Asks: 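Submitted below is the structure of interest, expressed as structure tokens.
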Amino acid sequence: MDWKTRQYCESITIKNSGDAVHLCGWVDTIRDHGQLLFIHIRDRSGVLQLVFDPTVNQDVYDAASRLRSEDVISIVGTVLERSDEAKNPNIVSGDIEIQVNQVDCLNKSETPPFVVSEKADQDGAFNVDEDLRLKYRYLDLRRPQMNINLIQRAKLLQIVRRYLDKQGFIDVETPMLTKSTPEGARDYLVPSRVHEHQFYALPQSPQLFKQLLMMSGLDRYYQVVKCFRDEDLRPNRQPEFTQLDIEAAFIDESYIYSLIEPLIVELYAHVGVTVPTPFPHIPYETAMNEYGSDRPDLRFEMKMVDVSSVLTNVQYRIFNQILASGGKIKGINVKGQAEKLSKSFLQDELAKKVVPQFGGKGVSWMKVIDGKLESNIVQFFSDEEQAALISALNGENGDVFLLIADTNPDLVNEILGKLRLFMAQRQGLIDETAVAPCWVTEFPMYELKDGRLSSVHHPFTQPEEGELPGPDDREQLIKLLSRSYDLVINGEELGGGSIRNHDPKRQEMIFRHLDLSESEIEAKFGFFVNALQYGAPPHGGIALGVDRLVSMILGRESIREVIAFPKNRTAFCPLTQAPGPVSEAQLEDLHLRLKPIPVPST
RNA sequence: GGGGGCGUAGUUCAGUUGGUUUAGAACGCCGGCCUGUCACGCCGGAGGUCGCGAGUUCGAGCCUCGUCGUCCCCGCCA
């Protein structure tokens, strides 16, 4: 193999006409015309057309005609400009071809289980069962589209590393075999052979280590790091995923914003997209009230409006009862869609199927026609109430109002928020080319879970400034805000972080808020609390989901398109067949015995 | 853990209310022809445990039950 002379397809252009070139790659497509044979050779950079003419070289032609899809070949030939009528403007290299003088088949290929060639990708036509793709992932990744995804991911991470290096950040690796943390997701556990009956946990994030690095005086840390969470999968969730983990000392929230925003801008610039700055800040409460979500999609308006006060005396009984029992009525204005939303859709589809799926009992609809409302329930609304509704929701002719009412105001936000997204998607009101980032801030410190207080972010987050409530003052605790922030782009949470507690007394109080006993704190975070006693600097940080960020920037539908070897929905790897059983001897080493799985009685 | 969809050729799918002998299509694959294709074209061919098991029926790809696999929604994901 003369690897020294070998070139990539993309490096050969019309400027190389007449040059001798050496290419290595795979047989992409074959077009046999009898006395003329065309073969596309593919490498990671692209494809080039090879031409084989028996009148030029019979032996090479014969060898080429034995080639099949995905055979690995090495060729030497001459670059020729194609005649004008033979040029193909649809292909990057369509104005040249290689007259081949020597062809070597380095390896044959079985017929692949799906077409690898780029032609299968055209018009997004590639449609193969994902489990089959994962089983033959090496072939799937050989597809030009997937090759590009991995290459672009690497380029984007290079931008990240260069940027953070320039900002003085130090890349530090943290342990994969570490200690189980009590809160959050389920841990992946690794049994210890040396320490009988003891387990390591794989990190859900390097949270405590990066804080310890701040106490180590490192000042600015980052890491592109795998994190593990043993929870059920979702389309955009993998059991192991990659985070861009960042922490800095002697900083505040504004530092994080000023660090991350230019980075996001630079990453998007790599694919030619301009991101508007500065990113707007939306307090959590506002996000919930106006968008019904803590990750608002700002690519479209359709804000939620509270119309309860407009309808206090309405004669419509359902609304009346809900308002009387402390409930809320909120609405959205689906602009200009009156003609595209039929009564049967609104009444049968939306009210009876879609909204119940979101957890709502129903939805009221009204169309604005000739300055008046039209609806199946409009007779219950006085002229004044109709006018007030139109004004509250900024109604114009052709608009459609959708109202959600419930005795539980939080539920109203949640359902209407989902409906807002549903309607925007269904009616095509989202500008798919837009990039709409924002910071969601001022999250509550705690939420109630099964009657217990639990951290919304994590227990190392600093609460808002000021005296902390006592552990028994639940009313104040639930109102307490935290110095945390989420980065949201196009309705997807791409990361989050906070300013941390560096004062051991305040940290201890937070553990007490969470009802952790002295001994529990000692057992779970003893080393960390101890570290806080030795001069911990004020610090904070953020973690960004790399898989999500990359797939969003590249416009891919799933994070699995930008992960080389992902797991399927059941956290199984069809390629390696992981997870799998282990030998008795291995279990013996680990002092483990498998318990039989109980068979459900029928 | 709960609810739903899907499982037919290598791939993507069709298959009527259960009805006949040989379960179809496109792409892919194999063979032949073809000197400018690039979604090449033309002719021919091979290829099927209808996921698996039981049941209903004179008869099941189709109906019922179970099971396995997979995808989606909810729970879960500090």
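Bear in mind the structure is a predicted one, so any value in this text is a computation, not a measurement. Letters go in sequence order (proteins before strands), and every chain restarts at 1.
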Asks: Treating primed atoms plus P, OP1 and OP2 as sugar-phosphate and everything else as base, which nucleotides of nucleotides 9-14 of chain B get B, S or - for protein heavy atoms under 4.0 Å?
Replies: -SSSS-

Asks: Charged N to carboxylate O under 4.0 angstrom, A/Glu508 versus A/Arg512?
Replies: no

Asks: State plainly whether the residues A/Arg483 and A/Glu442 are in salt-bridge range, i.e. N to O under 4.0 Å.
Replies: no

Asks: Is the distance from OP1 or OP2 of B/C40 to the nearest side-chain N or O of A/Arg31 less than 4.0 Å?
Replies: yes

Asks: Quick check, does A/His40 stack with B/C38? I mean ring centres under 5.5 Å and planes off by under 30°.
Replies: no

Asks: Do A/Glu561 and A/Arg133 sit within salt-bridge range, that is, some charged N less than 4.0 Å from a carboxylate O?
Replies: yes

Asks: Taking for each residue the nucleotide of RNA chain B bearing the nearest heavy atom, is the 5' side occupied by A/Gln207 or by A/Ile91?
Replies: A/Ile91

Asks: State whether A/Arg234 places a side-chain N or O below 4.0 Å from either non-bridging phosphate oxygen (OP1 or OP2) of B/C74.
Replies: yes

Asks: About how many Å separate CG of A/Leu80 and CG of A/Asp19, when rounded to the nearest 0.5 Å?
Replies: 10.5 Å

Asks: To the nearest 0.5 angstrom, please state how far the CD1 atom of A/Ile148 sits from the CD atom of A/Gln145.
Replies: 5.5 Å

Asks: Run the ring pair (Phe, Tyr, Trp, His ring centres under 6.0 Å) test against A/Tyr446 and tell me which residues pass, sequence neighbours left out.
Replies: A/His513

Asks: Just the rounded figure in Å: distance from P of B/C77 to CZ of A/Arg295.
Replies: 15 Å

Asks: With both distances under 3.5 angstrom, what nucleotide forms a Watson-Crick or G-U wobble pair with B/G44?
Replies: B/C30

Asks: Could you pick out which residue, A/Thr570 or A/Glu97, lies toward the 5' side of RNA chain B when each is mapped onto its nearest nucleotide?
Replies: A/Glu97

Asks: Can you find a donor-acceptor N/O pair under 3.5 angstrom joining the side chain of A/Asp131 to the base of B/C71?
Replies: no

